[in-house]
2 protein chains.
Amino acid sequence: MSDNDLQRLFAALLHLDLPKSMASRLCALGGDVDIKCGAVAELDDPAVRFIVFVAEGVAKFVGHLGNDREQVVAFLLANDLTVFPRSDAVPYSLHGITDCRLFAFPADAFIRTIAADPDLAKAVCEHMFVAFDQSRDMSVLLGRKTAQERVATFLTSMAERIGKQNDDGVSLSLPISRREIADSLGLTIETVSRQFTELRELGIIDTNGRSDVTILDRLRIREVAALPC
Amino acid sequence: MSDNDLQRLFAALLHLDLPKSMASRLCALGGDVDIKCGAVAELDDPAVRFIVFVAEGVAKFVGHLGNDREQVVAFLLANDLTVFPRSDAVPYSLHGITDCRLFAFPADAFIRTIAADPDLAKAVCEHMFVAFDQSRDMSVLLGRKTAQERVATFLTSMAERIGKQNDDGVSLSLPISRREIADSLGLTIETVSRQFTELRELGIIDTNGRSDVTILDRLRIREVAALPC
DNA sequence: CGCACTCTTGATATTTCTCAAAATGGGTGG
DNA sequence: CCACCCATTTTGAGAAATATCAAGAGTGCG
């Protein structure tokens, strides 16, 4: 990883000019992590928490319960910043959904380093707070929403992240499979599939092939998702 | 809030001596929040994220979905530090479970201020990361665990936080009701109650009155909770 | 000591899961 | 460019888990 790479990344992620000196100090800490599609990332030290930046591609954090029970706790898209979970209760791993390029900094050293620049510290924390809030929203979804609400919420949130406005509505090309959707929503693939079908029959979405979805009715999908309108 | 109060709080929470100058700068930002048992906290500005410290008592963050659907996303006990959630997707509120005393700092200004002291920044971030990890663990619980696993996980985690070792095992006096437990585990009070009964019949716990629980078999409750042993 | 509220227990309803099979999509090679 | 093939997705029927509704029991406070 070069200082320039990092400066470009931070500019894209945080809308912030990283001073040269800070860039090189961070580079000294940082680890490039390249993950191939379908592979598991090997973070150097599983006992250390990492701050993860996504430069390219799509990845996921997965918690494991045994008996093939998996829960996706976050999808990471390009220009995301988040914290890789560390817990004595659940083992987590980081998987590439597509080939992807990440930067992982040991949290302790990273925080210590960026503290020298309050603007940078604020921008990084802001992103961590957003990720934290998403996790709380996920708890509400998983604890209290119905299958239909979960799928509608998922589509709404993906539309906000990667959707493109066009004539019919908002179109998105899902980079993730039904299994991964199910694993993130606490459902089975069959239930996810049935909910896609139902949303299509209700005229709220349209689908094309496995991954293309168009949200035809932005208001109604929010309603069905139990989101504030 | 006096500088001394804050210094005492930070010593207890973060095991860290807060310099006088930092204490008074933080005091200038900070808001005492006193919540009566059963009341809802009025945080000044609902559009601002807050860093919350618990000095005394027990509180909860609740996410609201309408139709009386509520999800408790965190219980706050004395000496906890966490981030009050802000989200466009779910409205959250902060409730006193007992009378309690909190300090709430606007996150932006707080981060900016503590950045001046890298040790302090690291300690605060460490606590935020722990809270974040708990939220991720909660997603795994809510997404993939059975009712029995959820209740066993809840009891294990409360035992770690407020349990007292004695001859029979680990005893705890739950400061929270079955309804609140249910609201945090994504279950109904009836299901929670049935799981308490079953754990008692299995000889894993003993109960006394509404709130006293003794964990008789630490290993077996972790097994039943699907926690690593 | 009694009353209000919480908790527990039981019977039934509903949702989602599981298991099984058919359909579809998208990539490959002829 | 088309046909084939494998993996993914969809659909269906039945099973399991938890929710709901309804009583009854207990706790602890005034």
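What you see is a predicted model; the values in this text were computed from it and never measured. The sequence lines fix the lettering, A, B, ..., with proteins before strands; numbering per chain opens at 1.
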Counterpart residues, ring pair (Phe, Tyr, Trp, His ring centres under 6.0 Å), relative to B:Phe10 (two or more places apart):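 Once residues adjacent in sequence are excluded, the partners of B:Phe10 under the ring pair (Phe, Tyr, Trp, His ring centres under 6.0 Å) criterion are B:Phe53.
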Sequence neighbours left out, what pairs pass salt bridge (charged side-chain N to carboxylate O under 4.0 Å, His left out) with at least one residue falling in residues 49-62 of chain A?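 Matches after skipping sequence neighbours: A:Arg49-B:Glu126, A:Arg49-B:Asp133, A:Glu56-A:Arg101, A:Lys60-A:Glu180.
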Summary of salt bridge (charged side-chain N to carboxylate O under 4.0 Å, His left out) pairs that have at least one residue in residues 197-207 of chain B, sequence neighbours excluded: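 Applying salt bridge (charged side-chain N to carboxylate O under 4.0 Å, His left out) to every pair that reaches into residues 197-207 of chain B, excluding sequence neighbours, yields nothing.
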For a 4.5 angstrom cut-off between non-hydrogen side-chain atoms, does B:Val170 reach B:Thr214?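 In short, these two side chains do not touch, never coming nearer than 4.5 Å.
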Quick one: are B:Thr197 and B:Thr207 in side-chain contact, heavy atoms under 4.5 Å?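 Answer no - side chains too far apart.
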Set of side chain to side chain donor-acceptor pair (under 3.5 Å) partners for [X], sequence neighbours left out:
| X | value |
| --- | --- |
| B:Thr191 | B:Thr188 |
| A:Asp80 | A:Arg161 |
| A:Asp212 | A:Ser173 |
| A:His127 | none |

For A:Phe61 and A:Phe84, I'd like to know if the aromatic rings sit close, meaning centre-to-centre distance below 6.0 Å.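 Yes, close enough.
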Between [N] atom [atom2] and [X] atom [atom1], what is the distance in whole Å?
| X | N | atom1 | atom2 | answer |
| --- | --- | --- | --- | --- |
| A:Leu185 | C:dT16 | CG | C1' | 14 Å |
| A:Glu201 | D:dT10 | CD | C1' | 12 Å |
| A:Ile189 | C:dC17 | CD1 | P | 11 Å |
| B:Ile181 | C:dC7 | CD1 | C1' | 11 Å |
| B:Leu174 | D:dT27 | CG | C1' | 15 Å |
| A:Ile205 | D:dT10 | CD1 | C1' | 13 Å |
| B:Arg179 | C:dC7 | CZ | P | 9 Å |
| B:Arg69 | C:dT15 | CZ | P | 12 Å |

Using the 3.5 Å cut-off, write out each protein N or O paired with an N or O of nucleotides 18-22 of chain D and the distance between them.
| unit_1 | atom_1 | unit_2 | atom_2 | d |
| --- | --- | --- | --- | --- |
| D:dT18 | OP1 | B:Ala147 | N | 2.7 |
| D:dA19 | OP2 | B:Thr188 | N | 3.4 |
| D:dA19 | OP2 | B:Thr188 | OG1 | 3.2 |
| D:dA19 | OP2 | B:Thr191 | OG1 | 2.5 |
| D:dT20 | O4 | B:Arg194 | NH2 | 2.9 |
| D:dC21 | N4 | B:Glu190 | OE2 | 3.0 |

Using every non-hydrogen atom in the two residues, find where B:Val40 and B:Ser93 come nearest and quote the distance to one decimal.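 Taking B:Val40 first and B:Ser93 second, the nearest heavy atoms are CG1-CB, 4.1 Å.
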Identify whether the distance between the nearest side-chain nitrogen and carboxylate oxygen of A:Glu160 and A:Arg222 falls below 4.0 Å.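 Yes, charged N to carboxylate O under 4.0 Å.
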Is there any protein nitrogen or oxygen under 3.5 Å from a nitrogen or oxygen in nucleotides 1-3 of chain C, and what are the pairs?
none

At how many degrees, to 10°, do the end axes of the helix from C:dC1-D:dG30 to C:dG30-D:dC1 meet when each uses five pairs?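 That helix has its two terminal axes inclined by roughly 50°.
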What pairs of donor and acceptor atoms, side-chain ones from residues 149-158 of chain B against any protein atom, are under 3.5 angstrom apart with sequence neighbours left out?
| unit_1 | atom_1 | unit_2 | atom_2 | d |
| --- | --- | --- | --- | --- |
| B:Glu149 | OE1 | A:Arg69 | NH1 | 2.8 |
| B:Glu149 | OE1 | B:Thr146 | N | 2.8 |
| B:Glu149 | OE1 | B:Thr146 | OG1 | 3.4 |
| B:Glu149 | OE2 | A:Arg69 | NH1 | 3.4 |
| B:Glu149 | OE2 | A:Arg69 | NH2 | 2.8 |
| B:Arg150 | NE | B:Lys145 | O | 2.9 |
| B:Arg150 | NH1 | B:Leu185 | O | 2.8 |
| B:Arg150 | NH2 | B:Leu142 | O | 3.2 |
| B:Arg150 | NH2 | B:Lys145 | O | 3.1 |
| B:Thr153 | OG1 | B:Lys145 | NZ | 2.9 |
| B:Thr153 | OG1 | B:Glu149 | O | 2.5 |
| B:Thr153 | OG1 | B:Ala225 | O | 3.2 |
| B:Thr156 | OG1 | B:Ala152 | O | 2.7 |

For nucleotides 28-30 of chain D, give me every protein contact, N/O to N/O, under 3.5 Å, one pair per line with atom names.
none

